[in-house]
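For reference, the structure discussed in these notes is given below.
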Protein chains: 2
Amino acid sequence: MAAQGAAHAHQTHNHRACIEDALATARELCAARGVQLTPIREKVLQIVWRSHKPVGAYDVLDELSRSHKSARPPTVYRALDFLMGEGLIHKIESLNAYLGCVEAGAPHSGQFLICRHCGATEEIVDRKLETALEAAAKRTQFAAERKVVEISGLCARCAS
Amino acid sequence: MAAQGAAHAHQTHNHRACIEDALATARELCAARGVQLTPIREKVLQIVWRSHKPVGAYDVLDELSRSHKSARPPTVYRALDFLMGEGLIHKIESLNAYLGCVEAGAPHSGQFLICRHCGATEEIVDRKLETALEAAAKRTQFAAERKVVEISGLCARCAS
DNA sequence: GCGCCAATGCTACACTATAACAATCCGTCC
DNA sequence: GGACGGATTGTTATAGTGTAGCATTGGCGC
């Protein structure tokens with residue numbers, strides 16, 4: 001796995017298994033929902049999962065082109081849109097890039113810690129933060145639908 | 001003010017005065033800091049403040065072109081970069097658009113409530129939310145630098 | 001076979017942002 | 001006054017991100 005990219009913060013892991021877990025979960029979810037995880041969609045999901053760094057749509061396209069010569073921008077964006085719709089990936093707005101979702105299945109807006117040095121991005125699920133977001137919106141009678149939380153900085157590894 | 005755009009959530013206000021306040025504050029801040037709020041920069045700031053909706057860089061360019069025929073994309077992006085650097089405007093990442101900062105002077109990452117219906121975007125300053133963000137980052141020894149919080153949904157006015 | 005629908009192919013284009021270098025302006029120092 | 005230097009703006013070109021719109025394919029039910 002030469003192109004593996006950064007591991008979860010603070011630990012290395014078997015990234016091949018990590019990808020396989022994500023793909024297996026995706027297959028199950030799509031089957032259960034009666035939606036099609038087509039070869040293109042699965043390949044795109046796999047590419048996004050190649051690392052724990054957000055990956056740009058055109059990087060996905062470059063990689064996808066190797067196996068699907070006819071791939072074009074719409075090919076990729078359709079697949080990304082599908083995967084986002086199914087909650088299998090997230091878009092990192094501040095980077096215009098995409099990241100595999102670690103909580104696939106439970107629709108949610110992610111919260112992310114983005115290291116500006118190594119690029120590794122960790123999705124966190126922080127209940128208190130979620131509560132604070134809801135409370136902040138409620139304070140002005142705002143009906144929250146999507147919550148973008150992206151914290152940039154230095155991960156523990158890169159800070160040292 | 002035909003092009004005023006949405007007011008602060010839940011209330012109308014004298015938007016002309018609103019703009020003037022922002023410009024006056026900007027002039028004071030820049031003078032105090034010894035940086036130049038040039039005519040172009042001031043005009044761009046004024047354009048961003050024309051409404052309480054985030055405005056795209058090319059919309060700024062269209063408007064700026066009326067008074068500065070030589071304006072080009074770099075003209076606008078330089079001004080926007082300057083204004084962001086001085087904490088006078090924010091970029092709304094999920095919209096690729098820019099919004100006047102209501103807390104100019106105190107450098108901070110903003111927190112925003114973005115109405116998907118009317119576009120009005122309110123900057124909120126929620127201490128508890130700020131605390132929750134810090135705590136979430138700290139939990140994984142992440143050194144937070146920039147925090148993007150953008151909540152999309154329906155404002156109170158549009159929900160009814 | 002035929003109609004239908006989802007997915008993909010394909011061309012073109014719109015929108016967002018930056019690189020790179022030239023020209024200008026203004027203040028300072030000699 | 002003139003040379004230098006830094007900040008700002010002018011200018012052209014291009015990189016990067018995302019979508020519109022319509023054609024084609026392939027499976028499935030009838």
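Letters A, B, ... are given to chains in the order of the sequence lines, protein chains preceding strands, and every chain is numbered from 1. Keep in mind it's a predicted model, so treat the numbers as computed, not measured.
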B:H68 NE2 - D:dT9 P separation (whole Å): 9 Å
Check: B:P73 and B:Y58 side chains under 4.5 Å, non-hydrogen atoms: yes
Distance-only donor-acceptor test (3.5 Å): side chain B:Y58, base C:dA17: yes
Any donor-acceptor N/O pair under 3.5 Å between D:dG21 base and A:R78 side chain: yes
Under-4.0 Å side-chain N/O to phosphate OP1/OP2 contact, B:N96 with C:dC15: no
Nucleotide D:dT8, atom P - distance to CG of B:L83 in whole Å: 12 Å
Short side-chain N/O contact from A:Q36 to OP1 or OP2 of C:dA7, under 4.0 Å: yes
Sugar-phosphate only, base, or nothing, as touched by A:F82 at under 4.0 Å among non-hydrogen atoms: nothing
Protein-nucleotide distance (B:I40, atom CD1; D:dT11, atom P), rounded to Å: 11 Å
Separation of D:dT8 C1' from B:E42 CD (nearest whole Å): 16 Å
Phosphate OP1/OP2 of D:dT9 contacted by B:T38 side-chain N/O (<4.0 Å): yes
Donor-acceptor pair, side chain of A:H108 and main chain of A:G87, under 3.5 angstrom: no
Nucleotide D:dG18, atom C1' - distance to CG of A:D81 in whole Å: 10 Å
DNA chain C: 5'-proximal contact among A:P73 and A:A79 (nearest heavy atom): A:A79
N/O donor-acceptor pair under 3.5 Å between B:E150 side chain and B:E93 backbone: yes
Euclidean distance, atom CD of residue A:E93 to atom C1' of D:dT17 [Å, nearest integer]: 12 Å
Value in whole Å for how far the C1' atom of C:dA17 lies from CG of B:D59: 15 Å
Side-chain N,O (B:R41) to OP1/OP2 (D:dT9) below 4.0 Å: yes
Under-4.0 Å side-chain N/O to phosphate OP1/OP2 contact, B:Y77 with C:dA17: yes
OP1 or OP2 of D:dT9 under 4.0 Å from side-chain N/O of B:T75: no
5' precedence on DNA chain D between B:P74 and B:P39 (nearest-nucleotide basis): B:P39
Among A:E122, A:E130, A:K147, side-chain hydrogen bond (donor to acceptor under 3.5 Å, both in side chains) partner for A:Q111: A:E130
Presence of B:K91 side-chain N/O under 4.0 Å of C:dA17 phosphate oxygens OP1/OP2: yes
Interatomic distance, B:L80 CG vs D:dT9 P [rounded to whole Å]: 12 Å
Between A:S152 and B:E145, a side-chain donor and acceptor under 3.5 Å: no
